[in-house]
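In what follows, a structure is listed as structure tokens, so that the remarks can point back to it.
All heavy atoms count here, side chains included; hydrogens, waters and symmetry mates do not.
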Amino acid sequence: MGFEKQTTKWPRPLAESFYRRPTAIVARSLIGKTLLHRNDDRIVGGVIVETEAYLADGDPACHAARGMTPRNATMFGPPGRLYVYTIHAKYCLNAVTQRAGVGSAVLIRAIQPRWGVPQMQQRRGQQATDRLCRGPSMLCQALAIDLQHDGVCLTEDSSIWIGRAVERIATERIIAVPRIGISQAKDLPLRFLLQDSPFVSGPKYWHRTGARS
DNA sequence: TCTATGATACCCT
DNA sequence: GGGTATCATAGAT
């Protein structure tokens with residue numbers, strides 16, 4: 001049984017049932033979970049610290065709001081898949097939620113780097129660990145994820161997966177605030193982040209705590 | 001085919 | 001805090 005000792009224990013993938021729930025619930029639950037990408041037998045990834053929910057109903061900011069197109073078709077597929085799209089010549093990475101036929105997903109905006117940091121630094125041309133994955137496009141660049149990964153299954157043993165948390169996050173530290181970077185439905189508190197985390201993108205909410213200035 | 005449009009990030013002030 | 005490079009997509013022509 002020395003077999004088990006030789007196998008590094010990466011976080012196990014979350015089941016499809018995790019994603020088969022209301023999108024805002026999934027978005028909040030993803031805080032603290034892990035996102036990993038294996039290529040060339042190396043694992044790169046970290047802890048999710050910021051997400052945004054994009055709802056199937058009553059959410060004009062959601063790509064699916066005006067029906068299915070070739071671009072957003074993955075959103076209407078089964079839950080637990082990766083939805084990748086381009087914006088401003090850059091990539092964004094989402095996890096599909098709810099059920100097939102419903103267009104909804106969670107945008108993963110930032111992670112705290114944990115595995116393969118040197119590779120992230122090389123890909124990003126950036127040394128500071130708090131600038132490697134702060135924002136959806138930075139995240140894709142650091143993890144080497146692009147359009148070819150659109151539709152990849154996150155729940156089975158594949159090259160990209162979302163795994164269990166490596167340490168417990170107190171629920172009080174997860175806060176909901178309005179989404180950023182959109183022009184419609186700006187007021188809905190569908191952006192979830194880990195308070196006090198320097199790895200979160202956009203306007204800083206942690207300054208309120210006095211932890212930073 | 002052509003063109004407007006972003007769920008951005010970077011550089012500059 | 002503001003200007004803008006950059007490009008896949010979708011809808012117009």
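Taking atom CZ of residue R191(A) and atom C1' of nucleotide dA7(B), one finds them 12 Å apart after rounding to whole Å. Rounded to an integer number of Å, the gap from CZ of R124(A) to C1' of dT8(B) is 11 Å.
The neighbour count for R131(A) CZ, taken as heavy atoms of other residues, nucleotides or ligands under 6.0 Å away, does not exceed 12. In this structure, R42(A) places its CZ atom where only 12 or fewer heavy-atom neighbours from other residues, nucleotides or ligands lie under 6.0 Å away.
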Contact list (N/O, under 3.5 angstrom) for nucleotides 11-13 of chain B vs protein:
none

Pick out the pairs of N or O atoms, protein on one side and nucleotides 9-13 of chain C on the other, that lie under 3.5 Å.
| residue | atom | partner | partner atom | Å |
| --- | --- | --- | --- | --- |
| dA10(C) | OP1 | T69(A) | OG1 | 2.2 |
| dA10(C) | OP1 | R71(A) | N | 3.2 |

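Under 3.5 Å, the side chain of Y85(A) and the base of dA7(B) form at least one donor-acceptor pair of N or O atoms.
M75(A) comes within contact range of at least one nucleobase, with a heavy-atom separation under 4.0 Å.
Sequence neighbours left out, not one pair with a member in residues 157-181 of chain A passes ring-ring contact (aromatic ring centres under 6.0 Å, His included).
Contacts between residues 89-114 of chain A and DNA chain B, defined by a heavy-atom separation under 4.0 Å, are made by K90(A), N94(A), L107(A).
Between I43(A) atom CD1 and L36(A) atom CG the span is 6.0 Å, to the nearest 0.5 Å.
Taking a pair as Watson-Crick or G-U with both hydrogen-bonding distances under 3.5 Å, the stems of three or more pairs touching DNA chain B are B:1-6 with C:7-12, B:8-12 with C:1-5.
Taking the six-membered ring for Trp, H63(A) and Y54(A) have ring centres at least 6.0 Å apart.
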### Task
Apply side-chain hydrogen bond (donor to acceptor under 3.5 Å, both in side chains) to E50(A) and S201(A), showing your working.
CA-CA 8 Å; E50(A) 180 185 1; S201(A) 73; 2.9 Å; yes
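Every residue was checked against the ring pair (Phe, Tyr, Trp, His ring centres under 6.0 Å) condition with Y91(A), not counting sequence neighbours, and none meets it.
Ion pairing of K90(A) with D146(A) is absent here, as no side-chain N (NZ or NE/NH1/NH2) approaches a carboxylate O to less than 4.0 Å.
Counting heavy atoms from C-beta on, the side chains of L82(A) and D150(A) never come closer than 4.5 Å.
Of the candidate nucleotides dA5(C), dA7(B), dC10(B), dC10(B) has the atom lying nearest to any side-chain atom of M138(A).
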